[in-house]
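The next block holds one structure in the form of structure tokens; read it before the comments.
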Amino acid sequence: MDYNFSEIEPKWQKYWREQHTYRCLNNSDKPHFYVLDMFPYPSGAGLHVGHPLGYIASDIFARYKRLRGFNVLHPMGYDAYGLPAEQYAIQTGQHPAITTEKNIARYREQLDKIGFSFDWEREVRTCDPKYYKWTQWTFIQLFNHYYDTEMDKAMPISHLVEKLEKGEISAVGDKPWKEMSDEERQDYLMNFRLAYLADIPVNWCPELGTVLANDEVVNGLSVRGGYPVERKLMRQWSLRITAYAQRLVDGLNEVEWTDSLKEIQRNWIGRSEGAAVWFPLAKSEATRPEEILMGQIETHEETSFEIFTTRPDTIFGVTFMVLCPEHEMIEQITTPEQREEVEAYVAWAKNRSERERQAEVKKVSGVFTGAFAVNPLTGERIPIWVSDYVLAGYGTGAIMAVPAHDSRDFAFARHFNLPIRQVVALDPHELSDPATWEESMDAKTGYSVNSGFVTGMKVKDAMAAVIDKIEEMGIGSRTVNYRLRDAIFSRQRYWGEPFPIYYKNNRPYTIPEECLPLLLPEVKDFKPTATGEPPLGHATVWAWDEQNRQVVETSKIDNKTVFPLELSTMPGFAGSSGYYLRYMDPRNDEAYFSKEAVEYWQNVDLYVGGAEHGTGHLIYARFWNKFLFDIGMSVKQEPFQKLVNQGMIQGRSNFVYRSKEDNNLFISKNIPGRAEKTVPIHVDINIVNNDILDIERFRQWRPEFANARFELEDQAMPGDNKAAAGRYVCGWEIEKMSKSMYNVQNPDDLVARYGADTLRLYEMFLGPVEQAKPWDTNGIEGVHRFLKKFCKLFDSLTDAPADKAQLKILHQTIKKITDDIERFSFNTAVSNFMICTNDLGGMKTVSKEVLDKLVVLLAPFAPHIAEELYHVLGHEGSVCQAEWPDYDPAMLVQDTFTYPVSFNGKMRLTLELPNGITQEEAVAAVKADTLAQKWLDGKEPKRIVFVPNKIINIVI
RNA sequence: GCGGAUAUGGCGUAAUUGGUAGCCGCGCUAGACUUAGGAUCUAGUGGCGAAAGCCGUAACGGUUCGAGUCCGUUUAUCCGCACCA
């Protein structure tokens, strides 16, 4: 039978739609399985071939699981809030909702053409009020909870208030709870809420007019747009994700992710163990150690400062201290003589942009404050410096500098001529003068030297001993620090979820849950307001009437009953942090998702998506889920049990070579001397086939090429790609897939040309799903040919029972394909299909009972043709309702095995032995074999190693 | 700098996990059928060699009867983090 994909594919897509073939219900006796793709942001450019790679892989797996008898949840939706739609709105005035709607329609059309088995009845869109109602709801819960370190989980803020009221805990630092005014209490509680408002240094991007999260900034530039980002102190909402740092680290042991992704997350969370130590200030007039202030250690805050170190063992090597320029004690401790210099330095450091600072990491800068601290273990006076190599955001913003064993301290000491003292050595008997060192000795190995009571100890033991001592002295403690920062949650943008927050007397209050969703208001302008407020500042109906519980005109704000609403919106990760849970029960208006739904589905069994979300979405979603777990919503600590990262698809650009002398002349790639005579120009890959340029289409491509002339290949290059005379051969290079390089491959074109099934198979055939690879259509013909050959098998269809040879092919194929799918190796699965088809193609007739099963095997990969052939075989309904075939191990048995036998690793003997023999029988066979006898020459072999089904080794 | 990974024909890749390296596909070569071929089919295709054979999985070394696979050193490429004390 002919392979007429352009007829078959629309037909079955229509059938699936009409029959609701992929509808998935929450009640089923079948075991459940949840396969999820990272939902896409619907950009204006549409899908390119990189998007469906992961979707195809997950679709194959979902279909396979269904055939295996699972109730499979396999949904799709859109991460529809985002910057591009808003930027487009600013440029054109087009409302982002309209652009987004249009893009979604285009995405849907493209996805439908590929034949995915998504249950579209469960579609979610983050910008849909029915969806973001629950994003806002979660925010309110975060606002109303704090992290109880004792119970190690989130608890209602009322629980904390209760404890404060009963006096079970006392408010630290501030006045006692009982003496606080209501507002003071609110301000105090803000320090505990999991969603909180605070003045914090943020990544401010002036070009985008908004704040960015740490993962949205790379090298001081915004990920979107590449604009400079500066540090700025702003009042922002943040999520206290740091409270979950330890659980986020621990949870990684529970999930089946790649080591590299786990490692990326561990690095991002950056757990490090060490000690916090208080260093008292030295009295400036004191000269002898015993005079130096030691008696006031209890009153830490005024006369001491706290440092964090991961190397407490090196405390005897401290020769100076360094504070970050933002440190609050600088002003207090700086001596009058140094004041001018210090102030100038601090001002300079604060004005430096993030990009400058990062670009000049190697440059050493700093200033002496004139003040001294005391090393609490040695009583030594050590100078206090200020430098921007110490960061305000990590630890305490102050360090003890051990130049001999920290490369940054070393560089600083060398630059400012500060002493360097060795306190760790690999061999304690061989010390050298650090003045001669070229670099510091940072490794945590060897022994402590010159280190008082820990001298001679191994570094590890010394660490513990020093911490014990410090704790005993009451001047510090064992501490864990995390690199992870709280997630800034405000964005000065229009196209995002509004915060369910209004301000009374400048303090935030939440909108009652019953009033959600708080709808995104209309604005006349998507840019920030003239006064620099976010775009929502333009909204005319954006105030909260507390009594009537509704949104009213902004003009009615009187701050008595009508109050201003929050003007920022939530960031992109807000909507994507819980969407996988919403899919379980997407039409529920009473709750985020029902208890029954989440108890049925539990969590995502298989999540497929790019590794680029490793430090963004995948951290936020885990945090979000853990919080929902704490408040009794989700039932699993980890949202994504198994995660597969599909590799990025790079572009493969094609080039034509334009002559330097003659703008209309293009010289083919392999013409001798071409490189010197020409300039490469990107050419649209859609008018190039297997690197051969379609000359006519090239002339039509752009007006300036209308009169192009070509110097074509001659036949001098056999073996090279079709370098026959009369062809123009293009060059190629691997680059990022982008419009400007004309290397974007649109899946629609390939579907039109080869069909969706070919596209699906080819994307899988390209290589392992996890591997990054350039897009290249050079092999797609081969895959297409396979489908044609497969259809051809049906020409020789017979009802006669299959012979042994066919059954063997069938059962081998069932085994291989099943194994391949289970280990997510779809490229080998496609290869194995080809082998099977080639083998059966050599037969005169092919039995129906064989094809019955092969069609089911093919269904996950090429669902359209599988449906068609399923009907050709006379079945009713959809192949999706078929049963995955099992293989019969007896059919895989080989008649004989070949055992190469090596003697002393040199001689080799091959014995043909019958199958199914035991080790003893195999050994006996070797001994009985005449050739083996000859080689053994009557001697007993010392050792016969028998590896089942594989080989026998004889050692004489 | 730290961390993670990868390295196999002209190309994408495979190798039952330590057992005959190169399956499958592309490309290429030759042939068949064709007015034609960018259709289809057949055969061949790691390198050197006329052949027997020798060499061959980034490089060097090790373990093993046996290494693409395990261990060590080096090199190259990709990814993540990056003054995180």
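Side chains are part of it too, since the values below use all heavy atoms of this structure and drop only hydrogens, waters and symmetry mates. Throughout, a chain's letter reflects where its sequence line sits, starting with A, and its residues are numbered from 1.
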Practice item. Identify whether any heavy atom of A/S407 sits under 4.0 Å from a base atom; if not, whether one sits that close to sugar-phosphate; answer base, sugar-phosphate or nothing. Key: nothing
**Study point:** Over 12 foreign heavy atoms within 6.0 Å of CD, A/E439
**Key:** no
Study note, to complete from the structure: Rounded to whole Å, CG of A/D313 lies from P of B/A85 at a distance of 14 Å
Check your understanding: What's the CZ-P distance between A/F826 and B/A14, to the nearest Å?
Key -> 14 Å
Exercise for review: In whole angstrom, give the distance that lies between atom NZ of A/K773 and atom C1' of B/A7.
Suggested key: 17 Å
Point to revise | P spacing across the pair B/A14 / B/U75, given as an integer number of angstrom | key: 28 Å
Review point. Can you name the residues that form a side-chain contact (heavy atoms from CB on, under 4.5 Å) with A/V49, not counting sequence neighbours?
Key: A/I649, A/M737, A/Q745, A/P747, A/L750, A/E763, A/W775
Review point. Under 4.0 angstrom, heavy atoms only, what part of the nucleic acid is A/R785 near: base, sugar-phosphate, or nothing?
Key: sugar-phosphate
Review point. With under 30° as parallel and over 60° as perpendicular, where do the rings of A/F833 and A/F790 fit, or are they tilted in between?
Key: perpendicular
Review point. Judged by modelled atom types alone, do A/T242 and A/D486 share a side-chain donor-acceptor pair under 3.5 Å?
Key: yes
Check your understanding: Which part of the nucleic acid, if any, lies within contact of A/D259, taking any heavy atom under 4.0 Å across all strands shown: a base, the sugar-phosphate backbone alone, or nothing?
Key -> nothing
Review point. For the side chain of A/R421 and the backbone of A/F316, is there at least one donor-acceptor N/O pair under 3.5 Å apart?
Key: yes
Practice item. Quick one: label A/S831 by what it contacts on the DNA or RNA (base, sugar-phosphate, nothing), any heavy atom closer than 4.0 Å. Key: base
Review point. Given B/A85, B/U40, B/A14, which nucleotide is nearest the side-chain atoms of A/K788?
Key: B/U40
Check your understanding: If you find the nucleotide of RNA chain B closest to A/R823 and the one closest to A/L261, which residue's nucleotide is nearer the 5' end?
Key -> A/L261
Point to revise | Nucleotide nearest A/F765 (side chain, heavy atoms from C-beta), chosen from B/C24, B/U40, B/C26 | key: B/C24
Review point. Ring centres of A/Y762 and A/Y754 under 6.0 Å apart?
Key: no
Check your understanding: For A/D2, which residues count as a side-chain contact (heavy atoms from CB on, under 4.5 Å) partner, sequence neighbours excluded?
Key -> none
Report all interatomic pairs (protein N or O, nucleotide N or O of nucleotides 73-83 of chain B) with separations under 3.5 Å.
{"from": "B/C83", "atom 1": "O3'", "to": "A/R408", "atom 2": "NH1", "distance (Å)": "2.4"}
{"from": "B/C83", "atom 1": "O2'", "to": "A/Y389", "atom 2": "O", "distance (Å)": "2.6"}
{"from": "B/C83", "atom 1": "N3", "to": "A/V361", "atom 2": "O", "distance (Å)": "3.2"}

Practice item. Determine the sole option in A/T319, A/T314, A/D409 for which the side-chain contact (heavy atoms from CB on, under 4.5 Å) test with A/M400 is passed. Key: A/T314
Check your understanding: Hey, which of these two, A/L766 or A/G393, hits RNA chain B nearer its 5' end, going by closest nucleotide?
Key -> A/L766
Check your understanding: Roughly how many Å is it from CE in A/M321 to P in B/A85, rounded to a whole number?
Key -> 16 Å
Study note, to complete from the structure: From CZ of A/F861 across to C1' of B/C24 the rounded distance in Å is 14 Å
Revision key, fill the gap. Per the under-4.0 Å heavy-atom filter, residues of residues 833-841 of chain A near RNA chain B come out as A/M834, A/I835, A/N838
Review point. Could you state the NZ-P distance from A/K789 to B/A39, rounded to the nearest angstrom?
Key: 13 Å
Check your understanding: Once you round it to whole Å, what is the distance between C1' of B/G4 and CD of A/E770?
Key -> 15 Å
**Study point:** Rounded distance in Å between the P positions of B/G49 and B/G25
**Key:** 29 Å
Practice item. Could you note down all residue pairs passing salt bridge (charged side-chain N to carboxylate O under 4.0 Å, His left out) where residues 308-323 of chain A supplies at least one of them, sequence neighbours left out? Key: A/R311-A/D313
Point to revise | Quiz item: cation-pi between A/R622 and A/W268, 6.0 Å / 45° | key: no
Check your understanding: What does A/P774 touch in the nucleic acid at a heavy-atom separation under 4.0 angstrom: a base, only the sugar-phosphate, or nothing?
Key -> nothing
Review point. What nucleic acid atoms does A/R271 come within less than 4.0 Å of, heavy atoms only: base, sugar-phosphate, or nothing?
Key: nothing
Review point. If the P atom of B/C70 is compared with that of B/C83, how far apart are they to the nearest Å?
Key: 35 Å
Check your understanding: Is the distance from OP1 or OP2 of B/G12 to the nearest side-chain N or O of A/N778 less than 4.0 Å?
Key -> no
Practice item. Could you tell me the separation between the CD atom of A/Q771 and the P atom of B/G12, rounded to a whole number of Å? Key: 10 Å
Check your understanding: Centroid-to-centroid, A/F320 to A/F412, below 6.0 Å?
Key -> yes
**Study point:** For RNA chain B, stems built from three or more consecutive Watson-Crick or G-U wobble pairs below 3.5 Å
**Key:** B:1-7 with B:75-81, B:10-12 with B:24-26, B:27-32 with B:40-45, B:46-48 with B:53-55, B:58-62 with B:70-74
